[in-house]
Amino acid sequence: MSSPIIRLREAVRESGSPLAAQLGAEPDQVEPLPGDEPHPATLAAAGPRAAADRADVEVAVAAVDEGYRLHYRRPRALRIGDADLALLAGDRLYALGLARLAAIGDLTAIAELADVISLSAQAHASEDEDLAAAAWEAGVAAIAHGSTTAADAAKARAREGDPGAARALREAARAAVR
């Protein structure tokens, strides 16, 4: 079974997008190393909500994760040296992921990833890496298992700048997967 990163690279190639020219050589690491956390796309696609469309959900979440990485971290699937082009490519990957979910009609997953994108942008603007990570954890759990009122309340707390929001997002994520 290939990794979400390999599947994302295949989807970018198949899209005919100008991003395909940026794929370059295969990434250094596509499979997790021992002790690494599973890729968020793997976790999202493994849940019962994704059962009917696992491959599409995995590629969609991998695309949004790569877009996020192009904006804020080190990308895995694409290597883009120019910072401005990396931001544009990240936006294009956000759109690719959301469009993939729209094609299968998964409006819940679209809403969850939109929340991840906005909450992580807010977190990075305030230099709160913990909140960004917690937003991802809660979003992936909701895509895999469904959203909860606790997760919605935690996201509202994050939008308001509540310092306990990251903890609340993590607790909501863990409750969703039980």
Side-chain angles (χ1 to χ4, degrees), residues 3-5 7-8 27-50 57-80 83 86-87 89-98 100-101 106 108-178:
S3 77
I5 297 164
R7 282 198 206 72
L8 171 61
D28 297 334
Q29 176 195 347
V30 295
E31 300 297 336
L33 296 172
D36 280 356
E37 293 291 320
H39 194 286
T42 302
L43 296 173
R49 274 202 73 262
V57 169
E58 185 176 52
V59 169
V61 175
V64 173
D65 177 67
E66 187 72 4
Y68 170 79
R69 289 173 162 280
L70 283 161
H71 281 226
Y72 306 109
R73 299 177 75 200
R74 183 176 174 267
R76 296 180 188 177
L78 297 165
R79 299 289 188 253
I80 301 176
L87 284 174
D91 289 348
R92 176 64 185 107
L93 285 167
Y94 284 163
L96 177 76
L98 297 175
R100 188 88 173 224
L101 293 172
D106 194 341
T108 299
I110 291 169
E112 292 300 334
L113 283 176
D115 284 345
V116 168
I117 292 166
S118 66
L119 289 173
S120 62
Q122 175 185 335
H124 281 281
S126 62
E127 299 179 350
D128 189 344
E129 291 281 336
D130 187 44
L131 179 59
W136 269 100
E137 188 176 335
V140 166
I143 292 167
H145 301 279
S147 190
T148 64
T149 55
D152 292 340
K155 287 188 275 188
R157 289 176 64 182
R159 287 184 190 96
E160 294 167 0
D162 182 326
R167 187 184 75 248
L169 284 165
R170 284 199 169 85
E171 287 172 359
R174 290 178 186 129
V177 298
R178 285 186 200 139

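- Contact detail for Ile5 and Arg76: the closest heavy-atom pair is CD1-CD, 3.3 Å.
- Scanning for side chain to side chain donor-acceptor pair (under 3.5 Å) contacts around Thr42 gives an empty result, with sequence neighbours left out.
- Every residue two or more places apart in sequence or in another chain that forms a side chain to side chain contact (heavy atoms under 4.5 Å, CB included) with Ala62 is listed here: Pro4, Leu8, His39, Ala41.
- Residues Ala77 and Glu66 approach most closely at N-OE2, 2.7 Å, considering heavy atoms.
- Annotation for Ala172 and Ala150: closest pair CB-C, 3.9 Å, computed over non-hydrogen atoms.
- Counting only residues at least two apart or on different chains, no ring-ring contact (aromatic ring centres under 6.0 Å, His included) pair has a member in residues 148-178.
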**Request:** List the steps and the verdict of side-chain contact (heavy atoms from CB on, under 4.5 Å) for Leu78 and Leu93.
**Result:** CA-CA 10 Å; Leu78 297 165; Leu93 285 167; 3.4 Å; yes
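- Under the salt bridge (charged side-chain N to carboxylate O under 4.0 Å, His left out) criterion, Arg73 pairs with no residue at all, not counting sequence neighbours.
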Which pairs would a plain distance check flag for residues 130-146, meaning a side-chain donor or acceptor within less than 3.5 Å of a matching protein atom at least two apart in sequence or in another chain?
residue, atom, partner, partner atom, Å
Asp130, OD1, Arg170, NH1, 2.7
Asp130, OD1, Arg170, NH2, 3.1
Glu137, OE1, Arg170, NE, 3.2

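- Residues passing the salt bridge (charged side-chain N to carboxylate O under 4.0 Å, His left out) test with Asp91, sequence neighbours excluded: none.
- For Gln122 against Ala158, the heavy-atom pair with the smallest separation is NE2-O, 2.6 Å.
- To the nearest 0.5 Å, the span separating CG on Leu113 from OH on Tyr94 amounts to 10.0 Å.
- Between Ala86 and Ile80, the shortest heavy-atom distance links the atoms N-CG2, 3.7 Å.
- Among residues two or more places apart in sequence or in another chain, the side chain to side chain contact (heavy atoms under 4.5 Å, CB included) test is passed with Ala111 by none.
- For Asp115, the side chain to side chain donor-acceptor pair (under 3.5 Å) test picks out Lys155, Arg159, with sequence neighbours left out.
- With sequence neighbours left out, Glu171 forms a salt bridge (charged side-chain N to carboxylate O under 4.0 Å, His left out) with Arg167.
- Among residue pairs with one or both ends in residues 148-174, none qualify as ring-ring contact (aromatic ring centres under 6.0 Å, His included); sequence neighbours excluded.
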**Message:** Evaluate Arg49 against Asp106 for side-chain contact (heavy atoms from CB on, under 4.5 Å), listing each step before the verdict.
**Reply:** CA-CA 9 Å; Arg49 274 202 73 262; Asp106 194 341; 2.6 Å; yes
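- The NE2 atom of His124 sits 11.0 Å away from the CG atom of Leu119 when rounded to the nearest 0.5 Å.
- Taking Ile110 as the reference, Leu98, Leu101, Ala102, Leu107 meet the side chain to side chain contact (heavy atoms under 4.5 Å, CB included) condition, with sequence neighbours excluded.
- Applying the side chain to side chain contact (heavy atoms under 4.5 Å, CB included) criterion to Ala46, with sequence neighbours excluded, gives no partner residue.
- Of all heavy-atom pairs spanning Ala151 and Thr148, the tightest one is N-OG1, 3.0 Å.
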